[in-house]
Amino acid sequence: MLDPKRLRADLEGVARQLARRGFELATDRIRDLEAQRKALQVRTQELQNERNTRSKSIGRAKAAGEDIQPLLDEVASLGDKLKAAEADLEQIQAALQEIYLGIPNLPHESVPEGRDEEDNREERTWGEIPRFDFEPKDHVDIGEALGGLDFDAAAKLTGSRFVVMHGQVARLHRALTQLMLDIHTAEHGYSETYVPYMVNSDSLYGTGQLPKFAEDLFHLEDTDYYLIPTAEVPVTNLVRDVILEPDQLPRRWVAHTPCFRSEAGAYGRDTRGMIRQHQFDKVELVQTVRPDESFEALEALTGHAEAILQRLELPYRVVTLCTGDLGFSSTKTYDLEVWLPGQGKYREISSCSNFLDFQARRLRVRWRNPETGKPELLHTLNGSGLAVGRTLVAVLENYQQADGSVLIPEALRPYMGGTDRLTPP
RNA sequence: GGAGAGGUGGCAGAGCGGUUGAAUGCAACGGUCUUGAAAACCGUCGAGGGUUAACGCCCUCCCAGGGUUCGAAUCCCUGCCUCUCCGCCA
């Protein structure tokens with residue numbers, strides 16, 4: 001959520017910045033509601049003040065043994081007036097809240113202008129795109145030939161957009177997770193966290209998935225519980241309603257969880273293979289930092305995610321999302337895109353974002369600023385480090401051999417019992 | 001699942017329905033004292049919001065949401081959470 005004070009003080013300026021990302025701010029309606037809010041709030045508080053004052057004097061009179069009936073008569077109508085004013089105020093505030101919760105974050109000035117992913121800006125590339133002296137297969141063919149990927153079984157057990165993994169491929173999947181967790185904890189200063197895979201709606205409001213993106217979530221019937229779409233939700237919510245001391249900052253967590261996404265609105269896209277699933281594993285990096293350090297932290301965080309790809313020797317590029325492609329809560333996002341020979345293009349494997357105080361305001365994540373002595377909002381960030389399923393896809397496709405086997409990247413071999421190759425049965 | 005107890009400020013812990021946003025202790029911060037520190041003593045010390053140029057004034061918050069009342073941390077209802085005992089279970 002944006003700062004309501006800022007919206008009041010500079011509505012037009014905020015509207016201009018939001019227009020960059022194609023969001024039209026309802027300035028007239030906001031101005032109108034804010035004016036009503038102000039008038040009603042002042043009136044309500046006056047009435048509350050009157051009630052408090054009179055009640056106190058009644059208390060005093062009673063203690064002094066005086067007849068309080070005349071005083072009671074005087075306040076007879078006050079209660080109704082106050083109730084009406086409070087109800088009106090609540091209604092206006094709810095209307096404003098609904099609008100405010102639907103406003104995305106402001107794009108940072110360094111974010112390129114653009115409509116969609118076509119306009120994202122490439123920052124750098126890393127690694128050599130592999131050349132094959134045969135026609136490279138995609139991960140579905142490779143994985144099925146290895147006996148390690150079974151989409152038909154998953155369709156029988158559940159439905160489309162799920163996968164069953166077997167044997168050496170299942171182990172490879174686990175090995176990737178272990179490698180990522182080990183690097184982030186041992187080399188990048190993150191502390192490992194295990195969190196619930198279901199969260200309540202408060203948590204989802206806090207990180208911004210609700211109220212706007214309910215259709216992307218799996219909701220458990222007759223409960224307030226949802227399956228997490230990313231570990232970002234439970235992990236960032238760890239500091240909801242918390243005031244951190246300066247020496248506790250920055251906080252860095254890494255968590256490995258499955259992620260559940262309904263993928264509503266993605267009907268025809270990536271229907272083949274593991275690229276877009278209802279359930280996938282992800283190792284997630286989350287940081288809570290001082291406000292003056294968040295852009296620095298974004299660069300570092302992105303580097304941490306890149307380190308995994310480098311360790312696996314997978315070619316990738318880094319792009320800055322343009323204003324039109326930027327996520328709802330983010331002010332700036334770098335996507336890491338790994339090269340997939342099966343598709344002959346780069347595909348997203350990590351998304352690293354700085355949210356400024358956008359999530360922190362909803363979550364009331366604060367620190368005690370020693371300069372002011374007051375609790376102030378922190379900045380939150382997160383990034384995938386990495387999406388495990390897509391990393392598996394990248395390994396299978398980039399390390400495939402003409403005979404149908406798949407080499408294991410050096411860094412993974414200790415996690416694979418020393419095996420250097422997956423071979424078809 | 002059954003029975004009971006409870007949820008108050010950073011922590012601990014009081015709080016007859018009426019000048020209680022909340023005693024007291026600890027912690028924290030500022031000061032006195034000291035070569036320095038400790039101890040002792042004095043003082044400050046919750047959060048959010050409205051209004052104001054500012055000083056200030058005002059409102060809200062004692063798990064959450066309803067209710068009773070002129071007035072609720074205190075009474076009633078519902079929900080959530082925690083603890084103890086029993087049952088079941090990985």
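Letters A, B, ... are given to chains in the order of the sequence lines, protein chains preceding strands, and every chain is numbered from 1.
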Salt-bridge present (A:Asp270, A:Arg347; N to O < 4.0 Å) | yes

Would you tell me if any nitrogen or oxygen in the side chain of A:Asn52 comes within less than 4.0 Å of OP1 or OP2 on B:G71?
-> no

Distance below 4.0 Å between A:Arg361 side-chain N/O and B:G48 OP1 or OP2 = no

Within this structure, what is the CG-to-P distance between A:Leu40 and B:U51, rounded to whole angstrom?
-> 13 Å

A:Asp141 bridged to A:Arg272 by N-O distance under 4.0 Å = yes

Could you go through the side chain to side chain contact (heavy atoms under 4.5 Å, CB included) check for A:Asp216 and A:Arg261 one step at a time?
-> CA-CA 6 Å; A:Asp216 295 335; A:Arg261 299 188 182 175; 5.9 Å; no

Hey, does A:Lys38 reach any base, or is it just sugar-phosphate, or nothing, if we go heavy atoms under 4.0 Å?
-> sugar-phosphate

By the Watson-Crick or G-U definition, both distances under 3.5 Å, B:A12 is matched with B:U24

In whole Å, what is the span from the CG atom of A:Asp247 to the C1' atom of B:C29?
-> 15 Å

Sugar-phosphate, base or nothing in reach of A:Arg54, heavy atoms under 4.0 Å = nothing

Between B:G48 (C1') and A:Gln93 (CD): distance, integer Å = 12 Å

For B:A38 and B:U24, measure between their P atoms and round to the nearest Å.
-> 25 Å

Integer-rounded Å distance: B:G65 C1' and A:Glu90 CD = 11 Å

Between B:A39 and B:G30, how far apart are the P atoms? Round to whole Å, please.
-> 15 Å

Under 4.0 Å between a side-chain N or O of A:Arg368 and OP1 or OP2 of B:A47?
-> yes

Integer-rounded Å distance: B:G79 C1' and A:Asp202 CG | 13 Å

Regarding the side chain of A:Arg60, the nearest nucleotide among B:U60, B:G50, B:U19 is B:U19

Are the charged groups of A:Arg21 and A:Asp325 less than 4.0 angstrom apart, N to O?
-> no

Checking A:Glu306, A:Glu299, A:Arg121 against A:Tyr334 for side chain to side chain donor-acceptor pair (under 3.5 Å), the one that qualifies is A:Glu299

What is the distance from CG of A:Leu72 to P of B:G17, rounded to the nearest Å?
-> 19 Å

Expressed in whole Å, how much space separates the P atoms belonging to B:C16 and B:C80?
-> 29 Å

B:G48 C1' sits how many Å from A:Arg362 CZ, rounded?
-> 18 Å

If we call it a pair only when both distances are under 3.5 Å in a Watson-Crick or G-U wobble match, what pairs with B:A73?
-> none

Expressed in whole Å, how much space separates the C1' atoms belonging to B:G15 and B:G1?
-> 37 Å

Which value, in whole Å, describes the distance between the P atoms of nucleotides B:C58 and B:G6?
-> 37 Å

Would you mind checking if A:Arg8 and A:Glu34 are paired as a salt bridge, meaning a charged N to carboxylate O distance below 4.0 Å?
-> yes

Re B:A5: Watson-Crick or G-U wobble partner, both distances kept under 3.5 Å, found to be B:U82

Take atom C1' in B:A28 and the same atom in B:G36, then report the distance between them in whole Å.
-> 22 Å

Pair of N/O donor and acceptor under 3.5 Å linking B:G18 base with A:Lys62 side chain | yes

Against the side chain of A:Gln48, the closest entry in B:C70, B:C59, B:G50 is B:C59

P atom, B:A5 versus B:U78: distance in rounded Å?
-> 15 Å

RNA chain B: 5'-proximal contact among A:Gly59 and A:Arg366 (nearest heavy atom) = A:Gly59

Using purine N1 to pyrimidine N3 plus N6-O4 or O6-N4 for Watson-Crick, or N1-O2 and O6-N3 for G-U wobble, both under 3.5 Å, which nucleotide pairs with B:G48?
-> B:C59

By nearest-heavy-atom nucleotide on RNA chain B, the more 5' of A:Glu376 and A:Ile58 is A:Glu376

Within less than 4.0 Å of OP1 or OP2 of B:G50, is there a side-chain N or O belonging to A:Arg43?
-> no

Take atom OH of A:Tyr225 and atom P of B:C80, then tell me their distance rounded to the nearest Å.
-> 9 Å

Who pairs with B:U32 - Watson-Crick or G-U, where each distance is under 3.5 Å = B:A40

Which nucleotide in the set B:G49, B:G48, B:C70 lies at the smallest distance from any side-chain heavy atom of A:Pro375?
-> B:G48

Same-atom distance (P) from B:A72 to B:U19, integer angstrom = 11 Å

Is the shortest side-chain N/O distance from A:Asn49 to OP1 or OP2 of B:C58 below 4.0 Å?
-> no

Salt-bridge criterion met for A:Lys83 and A:Glu86 (N-O under 4.0 Å) = no

Choose from B:C70, B:U60, B:G49 the nucleotide whose nearest atom is closest to any side-chain atom of A:Ser55.
-> B:C70

How is A:Arg51 classified with respect to the nucleic acid when contacts are heavy atoms under 4.0 Å: base, sugar-phosphate, or nothing?
-> sugar-phosphate

Could you check A:Tyr190 against A:His304 for ring-ring contact (aromatic ring centres under 6.0 Å, His included), going step by step and ending with a plain yes or no?
-> CA-CA 10 Å; A:Tyr190 291 79; A:His304 298 153; 5.3 Å; yes

